[in-house]
Undergrad: 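Dumping the structure here so I can ask a few things about it.
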Amino acid sequence: MQRISNMQLLIIQGRPEDSIAPEDAEKANYSPEENLQLINTEFMIKQSVQKAVIQLEDKKDNSQRATKRIQILYDALFQSQSKNILACHFMEVLKRRICNLLQEREEVSHKPKEWIFRKALSSEFILEGTSFRHVVWIHLEDIVANMFAQILAVIDANNNLDHISQETPFSDLWLQMFKDESFLKIKYTSKAPDAKISVLSMSEDPSRSTQCCFPFSWVLKARLDEIWETVRRVKGYPKDPTVDSAEMFQSSVLNMPVPEGNNPEMVQHYASDFVRMAFPGQDVQVYEILSNVLVTGAKRLCTSLAHGDVEFSLIWLHIEYFYLQENYQLFINLVKNEETVANELQKVYKEDTTKMFVALDAVSIILKQLQPTEKELLPFNACLSWLKRIKSIKHTVELITSDDYQMRLYCNKEELLNSVLHQWNCTNIVYLLIDHLLHDETNVDEKLLKLVVKQFVFLWNLLYKTEDHKPAKIFEVVTKVLKRCSNNAATVYLVKGVNECKSCQNEITDPAELPCGHIFCTQCIQEWNIRQCKICKESVPEDYTPTASQITREAVANHNKFRRKCNSFFVEFVSSYCFGDKIPPSAEIIEQLIKFVACKPSNPEHQEVRKVYKPTSDLSPFEECMDPSPTVKSSLLKMLLRCRLDDVKEHLEGYLSRMEEVLSLNQSSRNDFYFMVVCCFEDFMYSSFQEDASQNSEHLFSTADLSAPGSATLTSIENLQFIAKLRLAIGNVAAVLGRELPRDQNTWTSAETAEKQSQLVNSMKNLVEKAQTPWPQIFLIRNLCNFYGMNIMQKILQREQWILPRGIETSQDIKISSNTPLMLVTLDRARGHIKNTESEEAKQITAITKQMERFLQAPLPSEESVENKLEKIMNDVSSQENAALLEVVLHTALTLILSQNPLTELFKSICFQPSAVKSILELMKVKPQDAEKFFLDHLEKDIQFLGESLSGNIDDATMTVHLFLRYILDSTADTNTTIKFMHEKADRVQWESCLKAVTQSFFQHQHIQHVQHLPEILALQRSLIHFFQNGDIHEGERLSVRKFLEWDDLSEINIPAELSCKEINADTAIMDLLPTTRSITSIVTRFLIQLQNSCIDTAAQLTKEKQRSVSAEEVKHASVLSVTESDLITMALLNFQYVLEEDGTKTTHYNFLTLQGQAIHRFISGKPVVKAQTTPSITLNNVKTLHSTKDNVKEQLRQEPLSVSLMKRIMEEASSVNDISRALSTLKVAAEFLAVTGGDPERLLTEYVRNDLKMEANAKQFRDLPVVPQTRLKHILSLWQILSAKRSALLVQMNQNPFFLVDKGFHDELADQEREKLTTALSTVNIEFFLIELHEMITVTLESYENSWGIVETFQEYLEKEGKEENYIMNLTSAVSPDLQLKKVISVWKTAVLINKTYARSYSQE
């Protein structure tokens, strides 16, 4: 028994010449003690080929692989003269592999030495109708087949077995890799007996398989990637590839089966597989380009770095890819937008294969195709198409041209980059100009378009000819062309071609046309002392009234609009090309820009009396558009601050002095201007300051000296920068003080963090004590109010008395600002309804006033009007301590009465019907003593939670509630659902879904910052699928993440504390992380994909940019949105513009359109839509049931029943349980193959088994049964059904139970009376058909039924689903009593067997 249990020893020692099959062993005088070789292991492996193959599950497009796999294995395992060596080596390695898996299986099995006793005690051998020894053989064969299948699932991944179909260098390498157990690790996986084993694949797409060109390429790539990552970590993550890293990498793979690099064919094949794995889902042409580029680049890298000790090998492909993977991805993005570039690139590389900077080469080709010409840009639609093409590649090209990695290695890369970058700058400047001029335009005057297109082409040519690429020269060219465009527009729009008013020399905003046809400002004409045209000197009649025709006004408006767009372009051009890098522009450019924003009035005499409103502009190259009034804007200042302060300090000082000249001598105006500069400094320092806010703040407080501010010797710029830093530091203290307030018991702060916060507050205290000015305290109080609201601020001031300036004490009665203005619309509507005293709304409002009087304990005279009462109630509410809550209560009540939204009906029922409130109180386990106080406290807590979820304070949350009530008052739901009561759960679900639809349109809070984690989540899902896909998934149901890590020897992986939360942590069930339909990760994945796609769709509607889509397996970090709160805040601050008017008015201008464009360009442009249907998924019950197999066979090929005569012949003549069992075993294998591969319905079954399945011996066994040798594939299910029923009938007559595997709940015996009644009834039916059909139902579908169901109705429903005729169904079911339940169905079937005359005669017992 010891030797039999340790089966792996027997298999590995077995040799064909000294092992025997079980049938031969019976004949021989065999003693186990004399010879350990009990079984012919090679014979067993060969016999189990079909059983092993049919356990595998291939992808849909590879369904024919099963028969192909059999042919390959047949050639490899069955020796021939041509393949004797290959077959021998393959068999030896295969036996060793199977032995290893058997040993692993034995280690996890329950009492493995007693398996044969358990087998002897089971009833399984009864079905085989043969000796116990033969049953043991079949059992062992099934185990070996399962081990074989698990091996095949790995070694034939990606059709990998094709490499041994003939003896080549690839087949030798294949066998070497298969033999190396440290390289190719195949672990035993426990699985359900009939569960499918998924064949591994390089592709994650469930419907698409791949063909590997290199043996075990996916294993080799994973191992080399792992080693390379270790090398990088040891070498300190070098920025560029180094010789040391390559040498260490090379030495680390010496013992691995890695081929030499001197075989170009092998290198090229591996590169082909490499790029397919790295970039799944691309076209074949792209893979050809990338594989060639990868090999060429790797060889070039090896030549430039390595010396004699390190030769070229496959490791260089990994090094090259690692540093260029993002570059390759950008190339793929380009190809998806510009489909012709791949063809052009292949032509280029055929001529020269030595350089191959693939992304840059692609950009160069595209830019040549997109060079602006009149043919490309005319007519208008062609111009729009050109814009769209540029827009679709803009983001990708900018990333490619910003990559300088290879320039540090190859000088020719720098030459190519400079050339492409210059070409791109020329094209992009023209693109920006066209984009601004055509923005929101559906058509453009044909004459104007032709004129400006000429200027576009002229601009591109001028820029391209600017060889030195100096910014000053480019600035000059762009300014020149803009003025020419403006003149062209004036020629088209204005008859006389006048750009500006020749009287005031400024832009015309309110045109008046003189009789001579010239146009001036209306106010200019009215102010003339000499009534004559300033251009042609023609006199103006005395009775002339300044006016202009509608055509003239439209022409002037269109011209002004055109110049506004030119100005808009000019601002973006200056921002991008003059201040795009952090290197400041030349002094010449800065001086010119300062002139633009700080210009002197061109006609001071006229400006003294000018009062007409004129829109101001930040920057403009047109003098007539410059605002001569002393208005100061922060646009140029913010541009200067992008650069390092030391680089632009001199320019900033010059800017300040120039702006001081523009401002009046009023010191207040100058202070306001300086404050604007401080705000600009704050905006630019915010992001860097917050990186370590506590340390930066504490350092500033310790070094700041506010004891004598008047003695400061710092320059004005440095002084203003210091003030900005101090304001940021004080804001940080305000945030810390608010967090220290114990508002939530669940919040927890580490001791280290608490200590840092305490030190920060103490440093602020020291600063306040030494300061000779109270403004730091005042600014701190203002921040506290802004951050947390008046209520929290008051609590902080009571606790931190040092914050208050000297001589000021905190008051207990700080009045919180009222939200009455937010209620005005509701109150006005309420007053309108009160006037109609008979209306239902008026009666309800009256009831509300009475309730509020009682609540406020302030009764009002009964004779007073309801309108006056409402006014006094509002005043009383404002004076209450909890005024904010009472305002919410009153506003809610009035809104519910006045709103027509059907969703408010439920609230009305709860609020205005006492019975509803009582029912709510009755549901509570602990009933409150004071219901009013309970609900009011509950409301207060709800508002507090709302404030926390909105990242704001309670005041903000209260304001949000009022705004939402105002929103509800005017909104109408897009549903007719009116629910007044929620009696059923379905009512609540329906109402909540409707309310969610309303609230989502009001609350737009989305977790966009989490989308960046999508690649890691998808990678986790794929890893878990790989681990569990061929195992018993239900074993994982009890596993937590912590136990799983320990179970898989990954306990060294620690979950970071900051990532641990109540919902998902180390104790979360691993099943919740598997990508099943309802798992946590699937829900999160769908949400993040939906969020990404929604952002991209919204941006595409605005930009008209061409979208591209990727599958989930293509998702990389460069593919997903990567946005943080800091990014958005920084971008928003950069787009805040501060404006200081000459009268001292200060305003803040939020350029939302510019901000929107920048956000789209930085975060969204170039990102793909992710196909949600391609996300990884796993099926929990991937078990091939008898029912599913038969259904799949029916789908693959037409099935017909055997004729009645053939069926009767089988039922009458087949008498050997053994012969039937062997035939059924073969039929099962054949059916499972057909279920996957399909076949010709007219083909003979024996021919299919012999030729396609290579089961010659099994085909011969068919001769022992009647009818079977003549059966065709279209009869296979009918034959299976008949033979199965026949075998069970024979076993019943042998007093054996053929249904021992069926649940015991269906084995109840019939009562004697029931049996007699059934026996009589069965004489009226076709007993053979009854037995066959009922047997099929029992063996195929019974497990899905309840044993309490009736036999008749269940049998009828089953036959109807099988498509049987009504008369046939009635005949078969009429014999069974309607009272019989399924728990006696097996007894019914056995009774039918025993009374059937067909089986009454004797039989041969085997």
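In this chain, numbering begins with 1 at the start of the sequence shown. All values derive from a computational prediction rather than experimental measurement.
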Undergrad: Please identify each residue that fulfils salt bridge (charged side-chain N to carboxylate O under 4.0 Å, His left out) with Lys933, with sequence neighbours left out.
TA: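 Lys933: salt bridge (charged side-chain N to carboxylate O under 4.0 Å, His left out) contacts with Asp937.
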Undergrad: So do Asn696 and Leu728 actually touch side chain to side chain, heavy atoms under 4.5 Å?
TA: no
Undergrad: To the nearest 0.5 Å, tell me how far Phe935 CZ sits from Asp930 CG.
TA: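 If I round to the nearest 0.5 Å, the distance is 10.5 Å.
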Undergrad: Can you tell if the side chain of Tyr686 reaches within under 4.5 Å of the side chain of Glu682, non-hydrogen atoms only?
TA: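 The answer is no, as the side chains (C-beta and beyond) never meet within the 4.5 Å cut-off.
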Undergrad: Please walk me through it: do Leu737 and Ile803 pass side chain to side chain contact (heavy atoms under 4.5 Å, CB included)?
TA: CA-CA 11 Å; Leu737 289 172; Ile803 299 177; 3.7 Å; yes
Undergrad: Does any part of the side chain of Phe934, heavy atoms only, come nearer than 4.5 Å to the side chain of Leu939, both counted from C-beta?
TA: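 Answer no - side chains too far apart.
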Undergrad: So, taking the atom named CD in Gln844 and the one named CG in Leu896, what distance separates them when rounded to the nearest 0.5 Å?
TA: 9.5 Å
Undergrad: Can you give me every donor-acceptor pair (side chain of residues 852-859, partner residue at least two apart or in another chain, under 3.5 Å) with its distance?
TA:
from, atom 1, to, atom 2, distance (Å)
Glu853, OE1, Leu860, N, 3.0
Arg854, NH1, Glu932, OE2, 3.2
Arg854, NH2, Glu932, OE2, 2.1

Undergrad: Please examine the side chains of Thr826 and Leu965, heavy atoms only from C-beta on, and report whether any two atoms are closer than 4.5 Å.
TA: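 The answer is no, as the side chains (C-beta and beyond) never meet within the 4.5 Å cut-off.
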Undergrad: Roughly how far, to the nearest 0.5 Å, is the OG atom of Ser688 from the CE atom of Met685?
TA: 7.5 Å
Undergrad: Please report the closest heavy-atom contact between Asn732 and Ser697, naming both atoms and the distance.
TA: ND2-OG, 3.2 Å
Undergrad: Spell out, as yes or no, whether a donor-acceptor pair under 3.5 Å connects the side chain of Gln777 to the backbone of Trp802.
TA: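 Yes, because the side chain of Gln777 sits within donor-acceptor range (under 3.5 Å) of the backbone of Trp802.
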Undergrad: Main chain of Asn836, side chain of Ser839: is a donor-acceptor contact present, judged purely on distance under 3.5 Å?
TA: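 Confirmed, Ser839 side chain pairs with Asn836 backbone.
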Undergrad: What are the two closest heavy atoms between Leu885 and Leu936, and how far apart are they?
TA: CD1-O, 4.1 Å
Undergrad: Take a 6.0 Å sphere around CD of Glu1016 and say whether it holds more than 12 heavy atoms from other residues, nucleotides or ligands.
TA: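 Yes, CD of Glu1016 has more than 12 neighbouring heavy atoms, counting only those of other groups under 6.0 Å.
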Undergrad: Going by the rule salt bridge (charged side-chain N to carboxylate O under 4.0 Å, His left out), which residues pair with Arg831 if we only count those two or more places apart in sequence or in a different chain?
TA: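 Once residues adjacent in sequence are excluded, the partners of Arg831 under the salt bridge (charged side-chain N to carboxylate O under 4.0 Å, His left out) criterion are Asp828, Glu871.
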Undergrad: Measure the shortest side-chain to side-chain distance between Met764 and Pro776 over non-hydrogen atoms and say whether it is less than 4.5 angstrom.
TA: yes
Undergrad: Check Ala830 against Leu870 and note the closest heavy-atom contact, atom names and distance.
TA: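 Scanning both residues completely, I find the closest heavy atoms to be CB-CD2, 4.3 Å.
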Undergrad: Short question: side chain of Thr849, backbone of Val866 - any donor-acceptor pair under 3.5 Å?
TA: no
Undergrad: Check the surroundings of atom NZ in Lys725: do more than 12 heavy atoms from other residues, nucleotides or ligands lie under 6.0 Å from it?
TA: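 Counting neighbours around NZ of Lys725, 12 or fewer heavy atoms of other residues, nucleotides or ligands fall under 6.0 Å, so no.
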Undergrad: On a heavy-atom basis, which atom in Leu886 and which in Gln880 lie closest, and how many Å separate them?
TA: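 Shortest heavy-atom contact: CD1-CG, 3.7 Å.
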Undergrad: Is Asn783 reaching over with its side chain to a backbone N or O of Ala734, donor-acceptor style, under 3.5 angstrom?
TA: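 No, the answer is negative, given that no donor and acceptor are paired below the 3.5 Å cut-off.
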Undergrad: Once rounded to the nearest 0.5 Å, what's the spacing between atom CG of Leu1121 and atom CG of Leu1014?
TA: 9.5 Å
Undergrad: Test of understanding: with ring pair (Phe, Tyr, Trp, His ring centres under 6.0 Å), list the residues that count as partners of His891, not counting sequence neighbours.
TA: His962
Undergrad: Any chance you could lay out the side chain to side chain contact (heavy atoms under 4.5 Å, CB included) test for Leu1088 and His1010, step after step, and finish with the verdict?
TA: CA-CA 7 Å; Leu1088 294 180; His1010 300 306; 4.0 Å; yes
Undergrad: Dump the intermediate steps for side chain to side chain contact (heavy atoms under 4.5 Å, CB included) on Leu726 and Trp775, then the final yes or no.
TA: CA-CA 11 Å; Leu726 194 56; Trp775 77 259; 3.6 Å; yes
Undergrad: Would you give the length of the straight line joining atom CG of Leu890 to atom CG of Leu827, rounded to the nearest 0.5 angstrom?
TA: 7.0 Å
Undergrad: Closer than 3.5 angstrom, by distance alone: can the side chain of Asn1093 be matched with the main-chain N or O of Val1170 as a donor-acceptor pair?
TA: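 Side chain of Asn1093 to backbone of Val1170, a donor-acceptor pair under 3.5 Å: yes, one is there.
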Undergrad: Are side-chain heavy atoms of Ser865 and Lys869 found at a separation under 4.5 Å?
TA: no
Undergrad: Using side chain to side chain contact (heavy atoms under 4.5 Å, CB included), reason through Gln1090 and Arg1086 one step at a time and then give a plain yes or no.
TA: CA-CA 6 Å; Gln1090 181 183 5; Arg1086 288 196 299 271; over 6 Å; no
Undergrad: Quick check: do Ile781 and Pro805 have side-chain heavy atoms less than 4.5 Å from each other?
TA: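 They are in side-chain contact.
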Undergrad: Could you tell me which residues satisfy salt bridge (charged side-chain N to carboxylate O under 4.0 Å, His left out) with Lys872, sequence neighbours excluded, listed by chain and number?
TA: Glu864
Undergrad: Compare every heavy atom of Gln1092 with every heavy atom of Val1120, then report the nearest pair and how far apart it is.
TA: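 Shortest heavy-atom contact: CA-OE1, 3.3 Å.
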Undergrad: Taking only residues two or more places apart in sequence or in another chain, which ones pass ring pair (Phe, Tyr, Trp, His ring centres under 6.0 Å) with His1013?
TA: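 His1013: no ring pair (Phe, Tyr, Trp, His ring centres under 6.0 Å) contacts found.
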Undergrad: Kindly say whether Val888 contributes a backbone atom to a donor-acceptor pair with the side chain of Thr892 at under 3.5 angstrom?
TA: yes
Undergrad: Evaluate whether atom NZ of Lys756 has more than 12 neighbouring non-hydrogen atoms of other residues, nucleotides or ligands under 6.0 angstrom away.
TA: no
Undergrad: Would you please say whether a donor-acceptor pair under 3.5 Å links the side chains of Asp1097 and Ser1094?
TA: no
Undergrad: Which value, rounded to the nearest 0.5 Å, describes the distance between Leu780 atom CG and Ile730 atom CD1?
TA: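 One finds 7.0 Å between CG of Leu780 and CD1 of Ile730.
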Undergrad: If you look at every heavy atom in Ala729 and Leu700, which pair is closest and at what distance?
TA: CB-CD2, 4.0 Å
